[in-house]
Amino acid sequence: MDIDHNLRALGLELPDPVAPAFQYVAVVVEDGLAWISGQIPRAGNRILYIGKVGAEISLEQAQEAARACVLQGLSQLREALGGFTRVRRIVKVTGFVASAPGFVQQPVVIDAASELLVKAMGERGRHARSAVGVAELPRGVPVEVEMVVAVDR
């Protein structure tokens, strides 16, 4: 499975991984799992979207933000593992959506992240998932995505 090739075929490129701003690491690899910390929608140090979904942020913008989070997460994973050759499958995705009152389409937002993973990895990209509406996210972003990935030891 060549994730980089599949992303290029989709017209996508992984961004440079952004170093954590606080006291945590971007990826922890332990006992055959890689735990990718929550990633926000950014390109380099620039945050792509600010606001709540259903108010300042449209559904389509939120989906784009979710895809940006996945790309940043895959970038972090590639850096931590030195490539994708050890990646077996995506196990779990948790998506957080900063939601305006009455917005209940969190699964639709996070579907964009899930669809990207399947396009990049085929059946190995299918995963368990949670899509959670929250009041606020760090730096005012509309979406944050974290992943758990099975890797060869």
Side-chain angles (χ1 to χ4, degrees), residues 1-20 24-49 52-54 57-99 103-134 137-139 141-153:
M1 163 181 49
D2 189 342
I3 296 169
D4 285 312
H5 176 267
N6 293 349
L7 289 170
R8 280 192 303 276
L10 294 168
L12 300 171
E13 186 176 320
L14 291 182
D16 291 331
V18 178
Y24 66 95
V25 295
V27 179
V28 171
V29 180
E30 182 72 27
D31 290 332
L33 293 173
W35 300 80
I36 303 170
S37 295
Q39 302 295 311
I40 61 175
R42 57 184 167 188
N45 289 323
R46 185 174 66 86
I47 294 175
L48 299 175
Y49 296 98
K52 292 189 180 184
V53 184
I57 301 294
S58 70
L59 178 61
E60 294 76 18
Q61 289 171 314
Q63 290 172 319
E64 184 58 35
R67 286 187 284 272
C69 293
V70 165
L71 292 174
Q72 187 60 230
L74 289 173
S75 178
Q76 298 286 3
L77 181 64
R78 180 175 65 183
E79 180 172 89
L81 298 176
F84 290 122
T85 58
R86 293 174 51 201
V87 173
R88 291 193 351 240
R89 71 165 302 138
I90 305 296
V91 175
K92 173 84 189 275
V93 169
T94 304
F96 303 95
V97 180
S99 302
F103 181 81
V104 295
Q105 293 182 296
Q106 294 83 4
V108 178
V109 171
I110 304 305
D111 265 353
S114 296
E115 289 170 1
L116 178 54
L117 287 166
V118 171
K119 287 178 180 177
M121 300 177 64
E123 286 301 310
R124 293 180 183 190
R126 294 201 183 280
H127 50 269
R129 188 185 85 191
S130 297
V132 182
V134 297
L137 285 169
R139 300 184 184 195
V141 300
V143 180
E144 181 174 353
V145 174
E146 63 183 31
M147 297 184 282
V148 180
V149 181
V151 298
D152 291 329
R153 294 181 189 205

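Since the structure is predicted, the reported quantities are computational estimates derived from the model, not experimental observations. Each residue takes its place number in the sequence, starting with 1.
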In the structure I gave you, are the side-chain heavy atoms of [X] and [Y] within less than 4.5 Å of one another anywhere?
X     : Y      : answer
Val87 : Leu81  : yes
Phe84 : Leu74  : yes
Arg86 : Val29  : yes
Leu71 : Leu7   : yes
Gln39 : Val145 : no

So which heavy atom on [X] is nearest to which on [Y], and how close?
X      : Y     : result
Glu79  : Pro17 : OE2-CG, 3.2 Å
Ile40  : Cys69 : C-SG, 3.6 Å
Ala26  : Pro20 : N-CG, 3.7 Å
Glu146 : Ser37 : CB-C, 4.1 Å
Thr94  : Phe96 : CG2-CZ, 3.4 Å

Would you say Asn45 has more than 12 foreign heavy atoms packed within less than 6.0 Å of its CG?
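Atom CG in Asn45 is not packed in, count stays at 12 or less.
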
Sidechain-backbone polar pair: [X] side chain, [Y] backbone, donor-acceptor under 3.5 Å:
X     : Y     : answer
Gln76 : Ile36 : no
Glu13 : Gly11 : no
Ser75 : Leu14 : no

What residues form a salt bridge (Lys or Arg N to Asp or Glu O under 4.0 Å) with Glu123, not counting sequence neighbours?
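Counting only residues at least two positions away or on another chain, Glu123 forms a salt bridge (Lys or Arg N to Asp or Glu O under 4.0 Å) with Arg126.
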
Taking salt bridge (Lys or Arg N to Asp or Glu O under 4.0 Å) as the definition, give me every residue that meets it alongside Glu64, ordered by chain and number, with sequence neighbours left out.
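Partners of Glu64 by the salt bridge (Lys or Arg N to Asp or Glu O under 4.0 Å) criterion, ordered by chain and then number, come out as Arg67.
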
Gap separating the CZ atom of Arg153 from the CZ atom of Arg88, nearest 0.5 angstrom:
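With rounding to 0.5 Å, CZ (Arg153) is 8.5 Å from CZ (Arg88).
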
Worked verdict on Ile3 versus Met121 for side chain to side chain contact (heavy atoms under 4.5 Å, CB included)
CA-CA 6 Å; Ile3 296 169; Met121 300 177 64; 3.9 Å; yes

Donor-acceptor contacts under 3.5 Å from residues 103-118 side chains, at least two apart:
{"residue": "Gln106", "atom": "NE2", "partner": "Ser99", "partner atom": "OG", "Å": "2.9"}
{"residue": "Gln106", "atom": "NE2", "partner": "Phe103", "partner atom": "O", "Å": "3.0"}
{"residue": "Asp111", "atom": "OD1", "partner": "Arg129", "partner atom": "NH1", "Å": "2.7"}
{"residue": "Asp111", "atom": "OD1", "partner": "Arg129", "partner atom": "NH2", "Å": "3.3"}
{"residue": "Ser114", "atom": "OG", "partner": "His127", "partner atom": "NE2", "Å": "2.8"}
{"residue": "Ser114", "atom": "OG", "partner": "Arg129", "partner atom": "NH1", "Å": "3.0"}

